[in-house]
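Predicted model, so just to flag it, every value in this text is computed and none were measured. Sequential numbering from 1 along the given sequence is applied to the chain's residues.
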Amino acid sequence: MIDTHAHINMLENPELGIMEARSAGVEEIIIPAAVESDFEAILDLCHRFNKVYCTLGVHPENCVEFNNNTAKKIIELSKDKKVVGIGEIGLDYHYSKDNKEIQKNCFINQIEIAKMLDLPIVVHDREAHLDTFNILKENNCKKVLLHCFSASTEFMKQCTKEGYKIAIGGVVTFKNASNIKQVALDIDLSDLMLETDCPYLTPHPFRGLENSPKYLGFTLKEIAKIKNIPYDSIENITNKNAREFFNLEGE
């Protein structure tokens, strides 16, 4: 399995989290940055473990911190082969809609960096589906992963029609998560990747505990059940999707 979105650096014990993930069959992990101050620490963690990679970017909740120096740092650090994308970037209107224009500018600036570096983008979209989609289209984005997808199956189809990929995490295991269960049912496997978004959104039956990549198999198992497709088939296809999308090289 490949965990395409795991905030390993936020775990109580990141090293243990990686080792436990390996024991649970998670072969590769991608750590997304959310704030500039974490860039170097995340890269250091990646270099200490084989098959652990990262994406660099500023989360929309931290958009006021993004500036020209941040952009220069992303560009410089992205020369490192452990950096496989720009993210997580995007829009989040859950807590505040007062800074929409700042969020949009931050998002667009980081899209431009990704295009300049020819790197894929990992997108955070929370209660901002239409604006997110419009920005991606207007900026002619091609290699896009919508992480922790939370919209409808109709919106999913709009996104995959544009070539965007969808990542599903532990929410799909929640009893009343009807929307994401429908997305899991309807999505073509060629458009799907897996994630934990640890330490958040721990899958059933471990809700309430710190999430970790070691729990990724519970998400995979639920999707296999929903789609009535063998576990191994989904694992193989989602692994292939992630390796191709992030251009992961064997180590």
Side-chain angles (χ1 to χ4, degrees), residues 1-9 18 21-22 25-34 38-59 71-90 107 109-125 136-137 139-149 159-169 187-198 213 216 220 233-251:
M1 293 176 285
I2 298 176
D3 190 343
T4 61
H5 201 100
H7 296 279
I8 292 286
N9 57 306
I18 292 171
R22 294 278 161 79
V26 178
E27 303 166 27
E28 288 152 274
I29 300 170
I30 297 170
I31 309 172
D38 286 342
F39 290 174
E40 283 89 350
I42 287 172
L43 262 174
D44 178 66
L45 190 58
C46 291
H47 279 288
R48 286 158 54 198
F49 293 89
N50 287 339
K51 298 187 178 182
V52 177
Y53 308 92
C54 68
T55 61
L56 299 181
V58 175
H59 189 285
K72 290 176 183 176
K73 182 174 280 191
I74 292 172
I75 293 166
E76 182 62 28
L77 292 177
S78 293
K79 295 175 183 177
D80 194 309
K81 290 184 178 180
K82 285 284 190 173
V83 180
V84 295
I86 301 300
E88 65 185 284
I89 63 176
F107 188 17
N109 285 335
Q110 293 182 94
I111 286 172
E112 290 173 353
I113 292 171
K115 291 170 77 171
M116 182 181 73
L117 298 173
D118 193 26
L119 287 173
I121 61 173
V122 176
V123 176
H124 174 102
D125 163 26
L136 293 172
K137 280 212 63 171
N139 288 274
N140 197 31
C141 298
K142 300 298 183 185
K143 220 167 182 185
V144 175
L145 176 61
L146 292 161
H147 112 86
C148 198
F149 192 79
C159 292
T160 56
K161 185 178 180 181
E162 296 297 325
Y164 309 156
K165 305 300 181 184
I166 304 295
I168 292 178
I187 192 169
D188 191 292
L189 280 179
S190 64
D191 297 317
L192 178 65
M193 295 184 220
L194 305 177
E195 65 166 278
T196 57
D197 199 20
C198 78
L216 186 62
L220 198 164
S233 296
I234 293 180
E235 180 180 9
N236 292 337
I237 295 170
T238 54
N239 283 355
K240 178 176 180 288
N241 295 342
R243 291 193 177 109
E244 289 179 353
F245 183 84
F246 289 107
N247 194 28
L248 301 182
E249 301 176 357
E251 292 183 281

Side chain to side chain contact (heavy atoms under 4.5 Å, CB included) partners for Thr238, two or more places apart: Leu192, Leu194, Ile234
Side chain proximity check, Leu136 to Leu146, heavy atoms < 4.5 angstrom: yes
Under the side chain to side chain donor-acceptor pair (under 3.5 Å) test, residues paired with Lys115 that sit two or more places apart: none
Flag, side chain of Asn239 to backbone of Ile2, donor-acceptor distance under 3.5 Å: yes
Short side-chain to backbone donor-acceptor contact, Asn9 and Leu43, under 3.5 Å: no
Salt bridge (charged side-chain N to carboxylate O under 4.0 Å, His left out) partners for Glu162, two or more places apart: Lys137
Distance-minimising heavy-atom pair for Ala114 and Ile121: CB-CG2, 3.3 Å
Nearest-0.5 Å distance, CD1 of residue Ile30 to CZ of residue Phe245: 8.5 Å
Pairwise distance CG(Asn50) to CZ(Arg22) - rounded to 0.5 angstrom: 7.0 Å
Parallel, tilted or perpendicular: rings of His147 and His124 (30°, 60°): tilted
Atom pair NZ/NE2 of Lys82 and His47 - distance to nearest 0.5 Å: 6.5 Å
Least distance between heavy atoms, Pro32 atom then Ile42 atom: O-CD1, 3.9 Å
Sequence-distant partners of Asp191, salt bridge (charged side-chain N to carboxylate O under 4.0 Å, His left out), two or more places apart: Lys165
By side chain to side chain contact (heavy atoms under 4.5 Å, CB included) - contacts of Leu117 (at least two apart): Ile75, Ser78, Ile86, Ile113, Leu119
Which residues share a side chain to side chain donor-acceptor pair (under 3.5 Å) with Lys161, sequence neighbours left out: none
For Phe107 against Val123, the heavy-atom pair lying closest together: CZ-CG1, 4.1 Å
Residue pairs fulfilling salt bridge (Lys or Arg N to Asp or Glu O under 4.0 Å) with at least one residue in residues 234-244, sequence neighbours excluded: Glu27-Arg243, Glu28-Arg243, Lys240-Glu244
Residues forming a salt bridge (charged side-chain N to carboxylate O under 4.0 Å, His left out) with Glu88, sequence neighbours excluded: none
Glu195 side-chain N/O to Cys148 backbone N/O, donor-acceptor pair under 3.5 Å: yes
Sequence-distant partners of Lys142, side chain to side chain donor-acceptor pair (under 3.5 Å), two or more places apart: Asn140
Ser190: partners by side chain to side chain contact (heavy atoms under 4.5 Å, CB included), with sequence neighbours left out: Asp188
With sequence neighbours excluded, residues passing side chain to side chain donor-acceptor pair (under 3.5 Å) with Asn236: none
Distance (rounded to the nearest 0.5 Å) between Lys81 NZ and Asn247 CG: 10.5 Å
Those residues that, when tested against Asp44, pass salt bridge (charged side-chain N to carboxylate O under 4.0 Å, His left out) (two or more places apart): Arg48
Smallest separation among heavy atoms of Ala6 and Ile29, with atom names: CB-CG2, 3.9 Å
Between OG1 on residue Thr4 and CG on residue Leu145, distance to nearest 0.5 Å: 5.5 Å
Distance in Å, Asp3 CG paired with Leu216 CG, rounded so as to fall on 0.5 Å steps: 5.0 Å
Smallest separation among heavy atoms of Val52 and Cys46, with atom names: O-CB, 3.4 Å
Closest approach of Phe39 to Gly57 (non-hydrogen atoms, all atoms of both residues): CE2-O, 3.5 Å
